[in-house]
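Lettering of chains follows the sequences in order, A, B, ..., and the numbering in each one begins at 1. The shown structure was predicted, so the numbers you read here are calculated from the model rather than taken from an experiment.
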Protein chains: 2
Amino acid sequence: MQDELSQKFAALADPTRRAMIARLYQGRATVSEIAEPFLERMSLPAVTKHLQVLERAGLVTKTQDAQRRVCDLNPEGIQEAAAFLEQYRQAWEESLDRLGEYLKSVSANEAKAGRKKTHGRKKQAE
Amino acid sequence: MQDELSQKFAALADPTRRAMIARLYQGRATVSEIAEPFLERMSLPAVTKHLQVLERAGLVTKTQDAQRRVCDLNPEGIQEAAAFLEQYRQAWEESLDRLGEYLKSVSANEAKAGRKKTHGRKKQAE
DNA sequence: CGGTTAATTAACCAGGTGGTTATCTGTCAT
DNA sequence: ATGACAGATAACCACCTGGTTAATTAACCG
């Protein structure tokens, strides 16, 4: 797994890890605390591995406190992944706005439909 | 690969595929056109596979035009991936703002540094 | 029809991922 | 020091991924 961004997206491509992120969003937690809801489904070493993936991806940080490891989210890490998508999202919003205006100009009650087969809205330059 | 969101993130976890998305952002293109910059590095079937991953993830749509396949980005698809990160980003922005104010109150010229070893800024509740 | 272009499918392979159990390393409490 | 607790590491396995080459499908052009 070469670059950082790929690592981040790969780390996010797992529901268990996303659930861990959601958990950590509520506040810092030890490995055991994070593991607890998952231990019916998987072993502790599996949890450790998931956390390592998140850590290596820079989405989570771990600090030692006695024999406990306390995990925190790393907002910057997620920001970096979000930034990739954001650069597209913004521009698309514009084009969606433009499309919206166009639709309004054609027919007022078409505005909320627009999702039968044409669920793309490309060909903005046509 | 279970859920849709995982599929999307997994699809994004590859620089080749992200480059394809970037290419398609410039406008729709056929498989050959998309493949062209990559053919020094990999074969056409490899490109086909990457596009299939993007298509299955709902990030790209493909439509047939004679013997050509024309690919488009699916903004909605990327939106759905962005939404996951967005829910955290927003709230973090708030806490980063709060942190920013705190730092400003401590030392004015620390604001733009913040990336030597301490590339986290967790423990916001301390 | 026959050839060419465009792209997919098939079959295969090396290496990575997600899980397991069993073992080991620290750190605290006594 | 000893034992228990918290977690990481080791060794292994099944499956998925990203790539390959070769063969196949499908549509257009004469």
Side-chain angles (χ1 to χ4, degrees), chain A residues 1-21 23-24 27-72 81, chain B residues 1-21 23-24 27-72 81:
Chain A
M1 179 69 50
Q2 343 171 32
D3 60 305
E4 285 217 8
L5 197 46
S6 295
Q7 267 184 277
K8 287 188 210 304
F9 280 126
L12 290 165
D14 184 294
T16 301
R17 288 193 290 262
R18 289 198 303 276
M20 288 172 172
I21 287 177
R23 164 65 185 83
L24 284 175
R28 47 177 23 209
T30 66
V31 171
S32 302
E33 286 166 353
I34 294 167
E36 194 268 331
F38 300 104
L39 290 181
E40 299 156 8
R41 242 179 299 163
M42 69 183 71
S43 64
L44 219 226
V47 171
T48 295
K49 280 195 183 183
H50 279 301
L51 284 172
Q52 282 171 347
V53 171
L54 288 168
E55 200 182 4
R56 272 183 250 121
L59 300 175
V60 160
T61 58
K62 232 182 292 183
T63 57
Q64 185 155 359
D65 171 27
Q67 69 270 63
R68 283 164 187 85
R69 268 71 166 182
V70 181
C71 304
D72 287 283
Chain B
M1 178 70 47
Q2 344 171 32
D3 60 304
E4 285 216 9
L5 198 47
S6 296
Q7 266 184 276
K8 286 189 210 305
F9 281 126
L12 289 166
D14 184 293
T16 302
R17 288 194 290 263
R18 289 198 304 277
M20 288 172 173
I21 287 177
R23 164 65 185 85
L24 283 175
R28 46 176 26 208
T30 66
V31 171
S32 302
E33 287 166 352
I34 295 167
E36 194 268 331
F38 300 104
L39 291 180
E40 299 156 8
R41 243 179 300 163
M42 68 183 71
S43 64
L44 219 225
V47 171
T48 294
K49 279 193 183 183
H50 279 300
L51 284 171
Q52 282 170 346
V53 171
L54 288 168
E55 199 182 4
R56 272 183 250 121
L59 300 175
V60 160
T61 58
K62 232 182 293 181
T63 57
Q64 186 155 357
D65 171 26
Q67 71 269 61
R68 282 161 188 90
R69 268 71 166 183
V70 181
C71 303
D72 287 283

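- At distances below 3.5 Å, at least one donor-acceptor pair connects side-chain atoms of A:Arg17 with backbone N or O atoms of A:Ala11.
- Residue B:Arg17 places at least one side-chain N or O under 4.0 Å from the OP1 or OP2 atom of D:dG18.
- Within a 6.0 Å sphere centred on CD of B:Glu4, heavy atoms belonging to other residues, nucleotides or ligands number 12 at most.
- At the heavy-atom level, A:Gln64 lies under 4.0 Å from the strands shown only through sugar-phosphate atoms.
- In this structure, A:Asp14 places its CG atom 18 Å from P of D:dC15, rounding to the nearest Å.
- Between A:Glu33 atom CD and D:dC5 atom C1' there is a gap of 14 Å when expressed in whole angstrom units.
- Taking atom CG of A:Asp65 as the reference point, atom P of D:dC5 lies 18 Å away to the nearest angstrom.
- With the nearest nucleotide of DNA chain C identified for both A:Thr16 and A:Gln67, A:Thr16 has the one nearer the 5' end.
- A donor-acceptor distance shorter than 3.5 angstrom exists from the side chain of A:Lys8 to the backbone of A:Ala57, with no hydrogens or angles considered.
- Residues of residues 43-55 of chain A that place a heavy atom closer than 4.0 Å to DNA chain C, in numerical order, are A:Ser43, A:Pro45, A:Ala46, A:Lys49, A:His50.
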Candidate pair B:Met42 and B:Thr16, rule side chain to side chain contact (heavy atoms under 4.5 Å, CB included), full reasoning: CA-CA 10 Å; B:Met42 68 183 71; B:Thr16 302; 3.8 Å; yes
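- If you measure from atom CZ of B:Arg41 to atom C1' of D:dG19, you get 13 Å, rounded to the nearest angstrom.
- Rounded to whole Å, atom C1' of C:dT25 lies 16 Å from atom CZ of A:Arg68.
- If you take CZ of A:Phe9 and C1' of D:dT17, they are 18 Å apart, rounded to a whole angstrom.
- Among residues two or more places apart in sequence or in another chain, the side chain to side chain contact (heavy atoms under 4.5 Å, CB included) test is passed with B:Arg68 by B:Thr30.
- One interatomic measurement links the two molecules: CG of B:Leu12 to P of D:dG18, which rounds to 12 Å at whole-angstrom precision.
- A side-chain hydrogen bond (donor to acceptor under 3.5 Å, both in side chains) with A:Arg28 is found for exactly one of A:Thr61, A:Asp72, A:Asp65, A:Thr63, namely A:Asp72.
- Rounded to whole Å, the distance from CZ on B:Phe38 to C1' on D:dT20 is 18 Å.
- Using a 4.0 Å cut-off between charged nitrogen and carboxylate oxygen, B:Asp3 and A:Arg18 count as a salt-bridge pair.
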